[in-house]
2 protein chains.
Amino acid sequence: MKEKAIKKGTLRRRSTRQRRVILDVLRSTKSHPTADWVYEQVRQEIPNISLGTVYRNLKLLRDMGEITELSFGSTYSRFDGNPEPHYHFSCVDCGRVMDVEIPVATKLEEQVRQQHGWEVFYHRLEFYGRCSECSERAKKDRTLEQ
Amino acid sequence: MKEKAIKKGTLRRRSTRQRRVILDVLRSTKSHPTADWVYEQVRQEIPNISLGTVYRNLKLLRDMGEITELSFGSTYSRFDGNPEPHYHFSCVDCGRVMDVEIPVATKLEEQVRQQHGWEVFYHRLEFYGRCSECSERAKKDRTLEQ
DNA sequence: ATAAATGCAAAACTTTTGCACCCGA
DNA sequence: TCGGGTGCAAAAGTTTTGCATTTAT
């Protein structure tokens with residue numbers, strides 16, 4: 001809601017070590033980590049970085065379009081170093097979040113525009129279910145308990 | 001993550017006034033309210049209900065499949081008294097959440113199953129953009145400032 | 001009677017923020 | 001130098017939880 005308008009031409013963003021490392025960490029994982037996980041990773045490189053700085057930069061990078069913020073009905077956010085539009089799958093058993101390799105259906109946005117007359121900027125699609133590992137474990141467990 | 005397994009046959013759920021009123025409140029609005037909003041509404045009927053009870057029941061009703069919990073990248077949840085699968089639209093300007101009247105594409109779940117071999121239980125689709133009111137206001141503002 | 005549910009308040013968690021100091025351009 | 005960025009710690013906001021008590025069945 002609070003969009004912090006960047007007044008045209010005023011604020012010029014600086015390149016800091018902290019911001020660079022945070023982005024590096026996110027770019028080099030596919031695990032869709034939490035802010036705290038990112039913090040722990042960055043600490044290995046910059047031990048005295050503060051959690052506040054991590055949060056500030058995650059928000060900044062998100063606003064710059066460099067990363068994406070995800071939710072998944074938890075009380076905390078996850079972050080994705082890949083800003084390209086794509087879908088996600090969340091395993092209800094192990095909680096892992098994976099990328100989904102089906103094409104992005106922009107025509108859905110057109111449907112909404114036609115149906116309701118709203119401007120649609122983007123959409124977000126998440127699948128919930130059980131990943132292969134957890135399916136097999138569940139199967140094994142079921143066999144054992146009988 | 002913490003699924004609180006309902007042991008078969010043990011726990012029998014009671015019908016309480018608190019739970020009934022909370023569900024009523026959710027069933028009689030289309031606004032996808034927050035826990036706090038629900039709390040304030042229910043207080044008009046049961047003045048000494050506690051926020052904890054509201055949270056406990058919202059979680060319970062969600063697990064019972066009576067309501068749905070929504071996220072939208074905020075730090076708090078929203079709740080939907082309509083448990084039937086449907087999509088949502090969130091206005092990035094005014095923050096309101098509305099139902100989207102396009103059919104639910106279950107074939108997407110089939111695509112994911114085929115592509116990745118995961119069991120898919122359900123999916124969640126959210127559109128982000130600007131609602132009609134906000135579009136018009138934005139247009140008006142743009143006219144004025146020139 | 002019995003155990004699920006509540007009220008109350010403290011605690012837990014995630015995220016934000018004020019402020020003095022630091023440092024990149 | 002100048003103002004954006006950082007570190008630190010306190011604060012804010014949402015959600016959870018322990019415990020004594022109430023209440024539905």
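Just so it is clear, the values below take in all heavy atoms, side chains as well, and ignore hydrogens, waters and symmetry mates. Throughout, a chain's letter reflects where its sequence line sits, starting with A, and its residues are numbered from 1.
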_Donor-acceptor pair, distance only, cut-off 3.5 Å: does the side chain of A/R19 make one with the backbone of A/R14?_
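Yes; judged by distance alone, with no hydrogens or angles, the pair exists.
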
*Would you find a donor on one side and an acceptor on the other, under 3.5 Å apart, between the side chain of A/H116 and the backbone of A/Q114?*
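Between the backbone of A/Q114 and the side chain of A/H116 there is no qualifying donor-acceptor contact (under 3.5 Å).
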
How close or far is atom [atom2] of [N] from atom [atom1] of [X], stated in whole angstroms?
| X | N | atom1 | atom2 | value |
| --- | --- | --- | --- | --- |
| A/M64 | D/dG5 | CE | P | 9 Å |
| B/L60 | D/dT15 | CG | C1' | 15 Å |
| A/N57 | D/dG4 | CG | C1' | 11 Å |
| A/F79 | C/dT14 | CZ | P | 12 Å |
| A/W37 | C/dT15 | CH2 | P | 16 Å |
| A/L70 | C/dT15 | CG | P | 12 Å |
| B/R62 | D/dT15 | CZ | C1' | 11 Å |

*asked:* Do B/E119 and A/S135 pair up side chain to side chain, a donor and an acceptor below 3.5 Å, judged on atom types alone?
replied: yes

*Residue pair B/S15 / B/R20, side-chain donor-acceptor N/O under 3.5 Å*: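 A pair is found: one side chain offers a donor N or O, the other an acceptor, under 3.5 Å apart.
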
Pairs: protein N or O with nucleotides 10-12 of chain C N or O, under 3.5 Å:
none

*So does B/Y76 have more than 12 non-hydrogen atoms from other groups sitting under 6.0 Å from OH?*
no

*Looking at the rings of A/Y87 and A/H123, which for Trp means the six-membered one, are their centres under 6.0 Å apart?*
yes

*For this output row, return yes or no: ring centroids of A/Y122 and B/Y128 closer than 6.0 angstrom.*
yes

*asked:* Minimum heavy-atom separation for B/E101 and A/Q115, please, with both atom names.
replied: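 Heavy-atom minimum between the residues: O-NE2, 3.4 Å.
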
*asked:* Please determine whether a side-chain nitrogen of the Lys or Arg among B/E40 and B/R43 lies less than 4.0 Å from a carboxylate oxygen of the Asp or Glu.
replied: yes

*Taking the six-membered ring for Trp, are B/F72 and B/H88 parallel (under 30°), tilted (30 to 60°) or perpendicular (over 60°)?*
perpendicular

*So do the side chains of B/C131 and B/F89 get within less than 4.5 Å of each other, counting heavy atoms only?*
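B/C131 vs B/F89: side chains touch.
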
Extract from the structure each pairing of a protein N or O with an N or O of nucleotides 22-25 of chain C at less than 3.5 Å, listing the distance.
unit_1	atom_1	unit_2	atom_2	d
C/dG24	N2	A/R14	NH2	2.7

*Where along nucleotides 7-14 of chain D does protein come under 4.0 Å, by heavy atom, of base (B) or sugar-phosphate alone (S), with - for untouched nucleotides?*
BB-----S

